[in-house]
Amino acid sequence: MSAVTEVAPGYRASRTLPLRVEALRQWRRRRTLVMGGVLAALPFILMIAFAVGGGPGGGPNGGNGRITLIDTATASGANFAATCLFVSAGFLLVVPVALFCGDTVASEASWSSLRYLLASPVPRARLLWSKLVVALGFSLAAMVLLPVVALAAGTAAYGWGPLKLPAGGSLAAADTVPRLALVVAFVFVSQLVTAGLAFWLSTRTDAPLGAVGGAVGLTIVGNVLDAVTALGSWREFLPAHWQFAWADALQPHLEWGGMVKGAAVSVSYALVLFALAFRGFARKDIVS
């Protein structure tokens, strides 16, 4: 005896929970506005710190006589934007990715609204897909916001000019924006593993803080393991090992080797974690 599935007239699973609706819901959340404010404020905080400290090198003549990326922060607006990325890529930019991807499903469960979304009915795969796309979109927006504000503020404060390279030489002013865009693109791809981890944890727990904190915590563990030189070449399988490979984009001759390896490692981990999230959520008993 075959089962007959009745579908309401006009119902299409592909039209449930549109991306614009989910994006608007996430945009109105207080944590989105707070995170945007923090990222937008960072360049101005650094500018104040440089002004109070007498220069990025800690004094008029620099810190130790060796030119570093931070020492050239006030050379131009492009240098200031690159410095902001340098000081934030290791940890600060991890937070919005973990927040947007780890909070998205777990928050619905903590509000006891997840079961009502699925009863609308929104197919589980559709719900996850909508939330994942929006979370990644907000994560990318956060990474773009920081250098854009830094470039605008730095240009106003230090002028527009070539990007002075720590190793010597400089990039022409016309080449700086494409190179910085490449840096942002790599940072985003390198953080996909954090996004995958946070999203998978978000489907496994009803506590948003647990998903976000777990993703940030495991990312820190990866950084610690990468610092253990005894691991040798095994460190190359850690996403943290390649997190600053974007520095190759700020060279006179663009080098792709490190960025390609880092992107491959991050994407590989992320695909596995996203697949685990979809597979586990499809079988999960939703009670909240």
Side-chain angles (χ1 to χ4, degrees), residues 35 39 69 82 84-105 128-129 131-147 178-204 211-229 231-251 254-281:
M35 182 54 62
L39 293 174
L69 186 61
C84 288
L85 285 170
F86 175 74
V87 300
S88 60
F91 179 75
L92 181 59
L93 291 181
V94 174
V95 176
V97 176
L99 181 64
F100 293 133
C101 294
D103 179 72
T104 182
V105 178
L128 283 191
W129 174 253
K131 288 188 171 294
L132 177 59
V133 170
V134 171
L136 291 178
F138 274 87
S139 299
L140 177 59
M143 294 185 184
V144 172
L145 176 64
L146 176 63
R179 294 293 186 93
L180 288 174
L182 178 59
V183 170
V184 173
F186 174 78
V187 172
F188 174 72
V189 173
S190 67
Q191 292 299 332
L192 285 178
V193 61
T194 300
L197 180 59
F199 192 70
W200 174 64
L201 290 175
S202 186
T203 63
R204 304 297 299 176
V212 176
V216 173
L218 289 176
T219 300
I220 294 175
V221 170
N223 290 332
V224 172
L225 290 176
D226 183 57
V228 181
T229 56
L231 292 176
S233 59
W234 286 102
R235 294 185 299 163
E236 295 184 5
F237 294 96
L238 297 172
H241 185 71
W242 306 99
Q243 63 180 336
F244 289 107
W246 56 264
D248 293 341
L250 303 181
Q251 302 295 332
L254 184 60
E255 299 180 9
W256 293 95
M259 290 188 289
V260 170
K261 292 179 181 178
V265 171
S266 181
V267 170
S268 297
Y269 280 110
L271 289 177
V272 172
L273 290 167
F274 288 144
L276 288 175
F278 276 84
R279 182 176 182 272
F281 192 72

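Since the structure is predicted, the reported quantities are computational estimates derived from the model, not experimental observations.
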Visitor: Does the Thr104 side chain pair with the main chain of Phe100, one donor and one acceptor, at a distance under 3.5 Å?
Guide: no
Visitor: Could you give the distance from CG (Leu85) to CZ (Phe186), rounded to the nearest 0.5 Å?
Guide: 12.5 Å
Visitor: Does the Tyr269 side chain pair with the main chain of Phe237, one donor and one acceptor, at a distance under 3.5 Å?
Guide: yes
Visitor: With rounding to the nearest 0.5 angstrom, report the CG to CG distance, Leu93 to Leu39.
Guide: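 If we round to the nearest 0.5 Å, Leu93:CG and Leu39:CG are 6.5 Å apart.
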Visitor: With no hydrogens and no angle check, is any side-chain donor or acceptor of Arg204 less than 3.5 Å from a backbone partner on Ala211?
Guide: no
Visitor: Main chain of Cys84, side chain of Ser88: is a donor-acceptor contact present, judged purely on distance under 3.5 Å?
Guide: yes
Visitor: Compare all side-chain heavy atoms of Val94 with those of Gln191 and state whether any distance is below 4.5 angstrom.
Guide: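 Yes, side chains in contact.
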Visitor: First locate atom CZ of Phe91, then atom OG1 of Thr219, and finally report the distance between them rounded to the nearest 0.5 Å.
Guide: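 Rounded to the nearest 0.5 Å, the CZ-OG1 separation comes out at 9.0 Å.
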Visitor: To the nearest 0.5 Å, what is the distance between CZ (Phe199) and CG (Leu192)?
Guide: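 The CG atom of Leu192 is 13.0 Å from CZ of Phe199, to the nearest 0.5 Å.
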Visitor: Taking Arg179 for the side chain and Leu250 for the main chain, is one N or O donor matched with an acceptor at less than 3.5 Å?
Guide: no
Visitor: If we ignore hydrogens and angles and just use 3.5 Å, is the side chain of Ser190 paired with the main-chain N or O of Val187 as donor and acceptor?
Guide: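 Checking the backbone N and O of Val187 against the side chain of Ser190, a donor-acceptor pair under 3.5 Å is found.
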Visitor: Under 3.5 Å, is there a donor-acceptor pair between the side chain of Ser202 and the main chain of Ala198?
Guide: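 Checking the backbone N and O of Ala198 against the side chain of Ser202, no donor-acceptor pair under 3.5 Å is found.
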Visitor: Can you tell me if Trp246 uses its side chain to pair, donor with acceptor, with the backbone of Met259 under 3.5 Å?
Guide: no
Visitor: Does any N or O in the side chain of Thr203 come within less than 3.5 Å of the main-chain N or O of Trp200, such that one atom is a donor and the other an acceptor?
Guide: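 Indeed, once roles are kept as given, a pair shorter than 3.5 Å links the two residues.
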Visitor: Any pair with a residue in residues 86-105 that passes salt bridge (Lys or Arg N to Asp or Glu O under 4.0 Å), sequence neighbours left out, goes on the list, sorted by first then second residue, please.
Guide: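 Non-adjacent pairs meeting salt bridge (Lys or Arg N to Asp or Glu O under 4.0 Å): Arg29-Asp103, Arg31-Asp103.
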